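See below for the structure under consideration.
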Amino acid sequence: MASACPPAASTQPALPSGPAVFKTIPYAFILPEILCGTWVWILVAATSVSFPLLQGWVMYVSLTSCLISLLLLISYLFGFHKNSENWKVLDSLYHGATAILYMSAAVLQANATIRSEFGPNSPLYYQLNSAASFFAFITSFLYILHAFSIYYQ
């Protein structure tokens, strides 16, 4: 007589959908990533992009990352992932690559901050650039946390 064993439960946790996205690590990092990245873009734009080569890359990375992260957040909210494991790989690769790009943008923004200390409109632009550097490093850290915390679920 064969004993009936219950089917083995999946060892992988389900991907969140709907409001559960905001309560589940690492997916809860997406909204702060978007908000901090938006602040980077706003603060750099407020300096009239004094150093176009440096700050152009910062604006590109921040704006592109905000838009892609927003699309990813919407995808999780509406459950487009259909609990596919491929979404975890996509999410990890995206956040890992974006963390590297954001770190490069944060370093360039810090360079622009140093250069703006004695330039025209120095007190205002220096303060705006300092705030943009701060948010760029915070956003980099959030992307790094998100990329690595997927592995510890």
Side-chain angles (χ1 to χ4, degrees), residues 4-116 127-153:
C5 293
S10 174
T11 58
Q12 297 293 328
L15 294 172
S17 294
V21 171
F22 301 113
K23 299 175 188 171
T24 309
I25 300 293
Y27 310 101
F29 292 134
I30 296 176
L31 190 59
E33 291 163 1
I34 293 169
L35 294 175
C36 288
T38 302
W39 273 111
V40 172
W41 185 79
I42 290 169
L43 290 166
V44 171
T47 66
S48 301
V49 190
S50 304
F51 305 101
L53 190 58
L54 301 176
Q55 293 178 306
W57 176 250
V58 175
M59 291 185 74
Y60 171 76
V61 169
S62 63
L63 187 58
T64 304
S65 300
C66 282
L67 292 176
I68 294 173
S69 293
L70 184 62
L71 289 174
L72 195 60
L73 178 62
I74 290 169
S75 298
Y76 280 120
L77 286 174
F78 290 114
F80 294 145
H81 54 75
K82 297 183 181 165
N83 214 18
S84 170
E85 285 300 311
N86 294 335
W87 276 81
K88 280 181 130 177
V89 174
L90 171 76
D91 191 279
S92 178
L93 288 174
Y94 165 70
H95 282 88
T98 304
I100 293 167
L101 294 175
Y102 236 110
M103 187 57 73
S104 71
V107 169
L108 290 175
Q109 181 57 38
N111 187 345
T113 301
I114 292 167
R115 289 178 173 206
S116 70
Q127 291 168 354
L128 290 170
N129 281 322
S130 295
S133 296
F134 173 78
F135 280 109
F137 280 107
I138 293 296
T139 307
S140 299
F141 181 66
L142 287 169
Y143 277 106
I144 290 167
L145 278 177
H146 189 128
F148 282 113
S149 62
I150 289 176
Y151 294 110
Y152 296 109
Q153 281 185 332

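Please read these numbers as outputs of a predicted model, since none were measured by experiment.
- Here the straight-line distance linking atom CH2 of Trp39 with atom CD1 of Ile138 works out to 14.5 Å at 0.5 Å rounding.
- Atom CD1 of Ile100 sits about 13.5 Å away from atom NE2 of His95, to the nearest 0.5 Å.
- Remark: Lys88 NZ to Leu93 CG distance equals 13.5 Å, nearest 0.5 Å.
- Here the OH-CD1 distance, from Tyr143 to Ile30, works out to 8.5 Å after rounding to the nearest 0.5 Å.
- Thr98 pairs by the side-chain hydrogen bond (donor to acceptor under 3.5 Å, both in side chains) definition with nothing, not counting sequence neighbours.
- The structure places OG of Ser62 at 10.5 Å from CH2 of Trp57, a figure rounded to the nearest 0.5 Å.
- In terms of modelled atom types and a separation under 3.5 Å, the side chain of Ser116 and the main chain of Thr113 share a donor-acceptor contact.
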| message | Walk me through whether Gln109 and Val40 qualify under side chain to side chain contact (heavy atoms under 4.5 Å, CB included). | response | CA-CA 9 Å; Gln109 181 57 38; Val40 172; 5.8 Å; no

| side chain to side chain contact (heavy atoms under 4.5 Å, CB included) assessment of Met103 paired with Ile144 | CA-CA 9 Å; Met103 187 57 73; Ile144 290 167; 4.1 Å; yes

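- Aromatic ring pairs are classed by plane angle as parallel below 30°, tilted from 30° to 60° and perpendicular above 60°; the pair His146 and Phe29 is tilted.
- Annotation: the span from Ile34 atom CD1 to Leu142 atom CG amounts to 11.0 Å, rounded to 0.5 Å.
- More than 12 heavy atoms of other shown residues, nucleotides or ligands fall within 6.0 angstrom of atom OH in Tyr94.
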